[in-house]
Structures are given as structure tokens and as C-alpha cells.
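These notes are about the structure you will find just below.
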Amino acid sequence: MPELPEVETIARGLDAAIRGRTIARVDVWWGRTVDSRSEPIERLVGDTIASVGRVGKFVIIGLTSGRTLAVHLRMTGRLTVADRGTAAAVDRKGRPLPDLSKGRPLREPSKHERFALVFRDGGRLAFSDARKFGRVRLIDGDVARALDVGIDALALGAASLRALLARRTTRIKTFLLDQRRIGGVGNIYANEALFRARVHPKRRAGKLTALQRTRLLRELRAVLRSAIASRGSSVDDYVDAEGMPGEFQKLLKVYGRAGLPCRRCRTPIKRIVLGQRGTFYCPACQR
DNA sequence: ATCAGCACCTGTTGGC
DNA sequence: TGCCAACAGGTGCTGA
């Protein structure tokens with residue numbers, strides 16, 4: 001599932017690939033991919049990509065008109081660029097997708113493509129999403145307000161974290177996943193940060209000691225930065241804008257390792273469900 | 001206001 | 001081997 005490091009990797013790749021291109025056509029193959037709160041999506045036609053960035057887990061495509069196309073990949077969404085005459089994108093098994101730049105496709109060009117921007121130069125940005133959970137939303141105005149995402153996990157400071165946690169009774173793991181408080185942290189990195197900080201996922205957010213807060217902040221930033229350096233984690237089927245998987249899944253310490261020995265102390269990693277999400281931790285290391 | 005629980009989806013997995 | 005139910009999960013919405 002794309003979280004902050006994966007979205008950051010995709011955004012950087014897209015910025016290099018599509019900045020300056022002008023939209024000639026928009027293809028919508030699955031209507032609900034366009035968020036119900038979106039401005040009319042056909043307003044994209046004629047607009048030009050100014051830059052691509054990230055807010056929380058949203059890929060933010062800034063346009064020269066001042067509008068913004070926000071894309072949320074949810075679990076299985078992917079954004080890939082195909083240039084005229086090249087087939088940059090590959091499918092889940094690594095096979096190249098057909099080159100669709102020569103002529104108009106009559107139907108969705110690959111099985112899971114839901115949405116695409118077709119550029120005047122013949123290239124296209126395709127949004128594919130097997131489970132149809134991902135959304136695109138054209139925003140005219142204040143992006144931060146529209147998306148309701150809290151402070152970015154990489155911009156979080158000690159004082160902010162302390163204030164956010166104060167008196168909160170929710171579990172720290174659940175808290176980390178609340179995008180309205182902190183933006184960008186998903187299930188994988190919440191598990192990993194808590195393991196590295198040696199904080200038990202069920203601990204009440206407001207009950208962390210000062211030392212635990214310090215460790216959590218340090219380890220959250222460290223794991224996110226390391227994952228960006230590895231171009232993200234390809235646990236399920238994530239690929240970046242060039243269709244390449246990440247490498248960080250090899251460095252995960254608890255996520256997906258239920259029953260396997262803790263890398264610190266050899267105690268079997270435990271899996272529980274918190275807030276209806278798989279939660280992995282070492283019962284010996286994390287307090 | 002806050003929070004738990006379900007709906008949204010379909011490819012993959014595990015059990016029989 | 002083949003079939004099918006259960007499962008995975010981020011967020012929006014609903015109802016408590």
C-alpha cells in the first residue's frame with residue numbers, strides 16, 4: 001500500500017516525467033474513481049502540469065491554472081507514464097504494458113486502468129487500480145483545506161507531537177494512522193516506527209513517556225527517510241512512476257512477519273488486530 | 001465532538 | 001486439482 005515514502009517516490013518520478021505537459025484529453029474508465037467532491041474533471045483539458053508533489057499520501061498535481069489534481073492511490077492504485085513510442089509502464093508481473101500512444105484506445109487499455117490524462121505530445125499518465133478504491137479529485141482553491149490532512153510526518157517536531165498526543169486515550173498505533181492529525185503514515189510504517197521506538201502499539205497515545213515520544217519521533221522520521229532512500233516498500237504490488245518496485249520491503253522488521261523471530265531478541269513477532277488493521281509487534285521489545 | 005464499525009472492491013490465499 | 005469463502009486494507013460515512 002502506498003504510504004508517504006511510496007507516494008514521495010512516485011511524485012518525484014512524475015514531476016520529472018510530466019512537468020510542462022499540456023492535457024489534451026481525459027479518459028475516465030470507472031466513474032467512481034473521480035471523487036464526488038471533485039470539480040468537473042473535464043476542466044483539466046487545456047491545462048498544463050506545473051509541478052508534482054505530495055501532501056500526506058496524496059499525489060498533488062499542480063496545474064498552471066492554479067487548480068490541483070489530487071490523486072489518492074489507496075491500496076492498489078498506481079500512476080505510470082507512457083510516452084509516445086515507448087512503453088515505460090510494466091504490469092504486476094514485470095511485463096511491459098502495450099504502447100497506447102498510437103491512436104485512441106476504444107476501451108480501457110489495460111485491465112485495471114480507471115483514469116488517464118492524455119497529453120498533447122501523445123504521452124499519457126495512467127491511473128490503474130485493481131480494487132477501485134483509489135480516487136482523483138480536481139480542486140480549485142485551498143488544497144490543504146480540501147484534503148483535511150494534518151502536519152506531514154516528516155515535518156513533525158517534538159513540540160507538535162507532544163501537543164497532538166496530550167490526553168489522547170486512543171491507542172498510539174491507531175493515532176499514527178489518523179491522517180487528520182499526522183499526514184503520510186500508513187500501516188506498514190506505523191508498525192515499523194513503533195517497533196524501532198520500542199513502543200507497544202496498544203499503549204494509549206497520551207500515556208507515552210517523554211523518552212518514548214522522543215524515540216518515536218526519531219524512529220518515525222528515520223524509517224520514512226530510509227524508505228524513501230530505498231524508493232519505498234513493494235509489499236503488495238506497489239511500483240513507482242517508472243513501473244519499478246521499491247527495495248525497502250527487504251528491510252522491514254515486523255510488518256508481515258507474524259510468527260517469525262524478532263530481529264532484535266528472537267521472540268516470535270505477534271499479530272493482533274487494532275482498529276481493524278493488522279498490527280505486528282514484538283511482545284518482548286515493545287512496552 | 002469523538003469513535004467504533006461497516007462499505008467499498010477484487011485478487012490472492014487457505015481450507016476442504 | 002478445483003472450488004469457494006475469507007481475507008487484505010485506507011478512508012468516507014453512519015450511527016451510537
Donor-acceptor pair, distance only, cut-off 3.5 Å: does the side chain of E247(A) make one with the backbone of S233(A)?
no
Under a plain distance cut-off of 3.5 Å, with no hydrogens placed, do N187(A) and K173(A) share a side-chain donor-acceptor pair?
yes
With a 4.5 Å cut-off on side-chain heavy-atom distances among I, L, V, M, F, W and Y, is there a chain of contacts connecting V28(A) to V71(A)?
yes
Nearest-Å distance for atom pair CG/P, residues D148(A) and dA1(B)
13 Å
Any donor and acceptor pair, going by atom type alone, linking the side chain of R271(A) with main-chain N or O of V273(A) inside 3.5 Å?
no
Checking D15(A) side chain against R19(A) main chain: does a donor-acceptor pair fall under 3.5 Å?
no
Protein-proximity profile, nucleotides 11-16 of chain C, B/S/- by nucleotide at the 4.0 Å heavy-atom cutoff, equals BS----
Figure out the CD/C1' separation between E3(A) and dA8(C), and round it to whole Å.
14 Å
Please report the distance, rounded to the nearest Å, between CD1 in I182(A) and P in dG10(C).
16 Å
What nucleic acid atoms does R32(A) come within less than 4.0 Å of, heavy atoms only: base, sugar-phosphate, or nothing?
sugar-phosphate
Nearest-angstrom distance from the residue atom CG of L73(A) to P of dT10(B):
18 Å
Indicate yes or no for a side-chain donor-acceptor contact from Q276(A) to the backbone of L274(A) under 3.5 Å, with no hydrogens or angles considered.
no
D240(A) with R12(A): basic N within carboxylate O range, under 4.0 Å:
no
Taking only side-chain nitrogens and oxygens of R271(A), does any of them come within less than 4.0 Å of OP1 or OP2 of dA8(C)?
yes
Would you find a donor on one side and an acceptor on the other, under 3.5 Å apart, between the side chain of T279(A) and the backbone of R277(A)?
yes
Test side chain to side chain contact (heavy atoms under 4.5 Å, CB included), reference E8(A), set R225(A), R231(A), R54(A), output is R54(A)
Find which nucleotide of DNA chain B each of T170(A) and K132(A) is nearest to by heavy atoms, and output the residue with the more 5' nucleotide.
T170(A)
Y255(A) has an atom OH; how far is it from atom C1' of dG9(C), in whole Å?
8 Å
Contact class for R171(A) (heavy atom, under 4.0 Å): base, sugar-phosphate, or nothing?
nothing
Can you measure M75(A) atom CE to dC8(B) atom P for me and round it to whole angstrom units?
14 Å
With a 4.0 Å cut-off on heavy atoms, is Y189(A) in touch with a base, just the backbone sugar-phosphate, or nothing at all?
nothing
Looking only at the side chain of A130(A) (C-beta and beyond, no hydrogens), which of the listed nucleotides dC3(B), dG11(B), dC8(B) gets closest?
dG11(B)
Rounded to whole angstrom units, what separation is found between the CZ atom of F133(A) and the P atom of dC6(B)?
15 Å
R181(A) has an atom CZ; how far is it from atom P of dA1(B), in whole Å?
12 Å
Return the angle between end axes of the helix from dT2(B)-dA16(C) to dC16(B)-dG2(C), with five pairs used per end and rounding to 10°.
50°
